[in-house]
2 protein chains.
Amino acid sequence: MKGTQLGEFEELILLLTGVLYPDAYGVSIARELENQTGRKAAIGAIHSALVRLEEKGFLKSELQSGSGKRGGRPKKIFSITAAGKTAIAKSKELRNSLWDQIPELALKGLNYSYVIR
Amino acid sequence: MKGTQLGEFEELILLLTGVLYPDAYGVSIARELENQTGRKAAIGAIHSALVRLEEKGFLKSELQSGSGKRGGRPKKIFSITAAGKTAIAKSKELRNSLWDQIPELALKGLNYSYVIR
DNA sequence: ACTATTTATTCTACATTTACGAAAAAACCA
DNA sequence: TGGTTTTTTCGTAAATGTAGAATAAATAGT
């Protein structure tokens, strides 16, 4: 599908935006991504996903005015929209549903364990 | 990430392969995808995902010899490998974990309902 | 007010994944 | 053998994912 579909990375960013609420922005998301998944992405990668997510209507943003803290450009704070919430909820349900439909046999004995005998 | 990362579509195909066990192949997967998700993908899209999944080691395949049925090229039957099982299990855990970490407030009042007053 | 420093976003370029439809291949049947 | 059926393979286009350098905005010190 195209245009409205949620990519794998995009979904992660969308989820992380929720987790970080109400302080989700490029840099904090990048940090949290690494903390939670060990996966480190360039800041540019995060931002391009954020832009696409906003274009698709799954996220909205607002500039945070003078924070009274250290220097630096104003943060662009992101939060999930109703459409975004629906998207991740559906994605989650679909995947969990499919997972539950997999017959025992299909995964039987599939593991990385070794048996010494 | 590259090479070993599981794309959104790929994950769906991997799951569907499990659901269809032991009769998962290009055409049956395409059919099941539409049944389960309403999403219809071209057969070519399915196959390219299948090829990638096999290259990544998440799926294995074997040609089904003379089926004694109608004509047609032999089906290439796919099944999940141990690595594939691990991949979808981890993906599922990560997403569910993140979902559970989203504070109530972040999704509060976000829905498509309309209230007549 | 000016400059250096800090923090974050934007921009540019490229790699990988997803999507499609046409063409090719293999098996069966008359 | 020729035609039909079923499914895979191939070539190309579009969307998504990745990266890092360049740019911008705010603060603090002088």
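Because the structure is predicted, anything quoted here is derived from the model rather than measured. Protein chains get the first letters and strands the later ones, always in sequence-line order, with residue 1 at the start of each.
- Closest to the side chain of B/A41, out of D/dT16, D/dA19, C/dC20, is C/dC20.
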Under 3.5 Å, which N/O atoms of the protein pair with N/O atoms of nucleotides 3-5 of chain C?
none

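- Between B/I13 atom CD1 and C/dT18 atom P the separation is 9 Å, expressed in whole Å.
- Taking 4.0 angstrom as the limit, A/K76 places a side-chain polar atom (N or O) nearer than this to OP1 or OP2 of C/dT10.
- Atom NZ in B/K75 sits about 9 Å away from atom P in D/dT8, given to the nearest Å.
- Using a 4.5 Å cut-off on side-chain heavy atoms (C-beta onward), A/R39 and A/F9 make contact.
- Separating the CD atom of B/E11 from the C1' atom of C/dT18 is a distance of 15 Å, rounded to the nearest angstrom.
- The closest donor-acceptor contact from the side chain of A/K56 to the backbone of A/Q5 lies under 3.5 Å.
- Rounding to whole angstrom units, CD of residue A/E55 and P of D/dG17 are separated by 13 Å.
- Screening residues 99-109 of chain B for salt bridge (Lys or Arg N to Asp or Glu O under 4.0 Å), with sequence neighbours left out, gives no hits.
- Listed by first and then second residue, the side-chain hydrogen bond (donor to acceptor under 3.5 Å, both in side chains) pairs involving residues 14-28 of chain B amount to none (not counting sequence neighbours).
- The backbone N or O of A/E34 lies less than 3.5 Å from no partner atom in the side chain of A/T37, so there is not a single donor-acceptor pair.
- Distances shorter than 4.0 Å separate none of the side-chain N or O atoms of B/H47 from OP1 or OP2 on D/dT9.
- Atoms CG (A/L63) and P (C/dT9) sit 9 Å apart, rounded to a whole Å.
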Validation: residues 88-95 of chain B side-chain donor-acceptor distances under 3.5 Å, sequence neighbours left out:
residue : atom : partner : partner atom : Å
B/S91   : OG   : B/E11   : OE1          : 3.0
B/S91   : OG   : B/E11   : OE2          : 2.8
B/S91   : OG   : B/R95   : NH2          : 2.4
B/R95   : NH1  : A/E11   : OE1          : 3.4
B/R95   : NH2  : B/E11   : OE1          : 2.5
B/R95   : NH2  : B/E11   : OE2          : 3.3

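- Put simply, B/V27 and B/I46 are part of two different groups of oily side chains (I, L, V, M, F, W, Y) that touch within less than 4.5 Å, one to the next.
- Contacts between residues 15-33 of chain B and DNA chain D, counted as heavy-atom distances below 4.0 Å, involve B/Y25, B/G26, B/V27.
- Among C/dC20, C/dT7, D/dG17, the nucleotide with an atom closest to any side-chain atom of B/A45 is C/dC20.
- Between B/F9 atom CZ and D/dT16 atom P there is a gap of 13 Å when expressed in whole angstrom units.
- Taking CD1 of B/I43 as the start and CZ of B/R31 as the end, the distance is 9.5 Å to the nearest 0.5 Å.
- Whole-Å rounding puts the B/L6 CG to D/dT16 C1' distance at 15 Å.
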Pairs of donor and acceptor atoms involving the side chains of residues 74-82 of chain B, under 3.5 Å and at least two apart or interchain, shall be tabulated with distances.
residue : atom : partner : partner atom : Å
B/T81   : OG1  : B/G57   : O            : 2.6
B/T81   : OG1  : B/F58   : O            : 3.3
B/T81   : OG1  : B/A83   : N            : 3.4
B/T81   : OG1  : B/G84   : N            : 3.1

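- Listed nucleotides: C/dT17, D/dT16, D/dA25. Nearest to the side chain of A/P74: D/dA25.
- Mapping A/I46 and A/G72 onto DNA chain D by nearest heavy atom places A/I46 closer to the 5' end of the strand.
- When heavy atoms are screened at a 4.0 angstrom cut-off, A/G7 is found touching the sugar-phosphate backbone but no base atom.
- In this model, the phosphate group of C/dT18 is approached by a side-chain N or O of B/R52 to a distance below 4.0 Å at OP1 or OP2.
- Taking CG of A/L15 as the start and CD1 of A/I29 as the end, the distance is 11.0 Å to the nearest 0.5 Å.
- Residue A/I43 contributes atom CD1, which lies 15 Å from atom C1' of D/dA24 at whole-angstrom precision.
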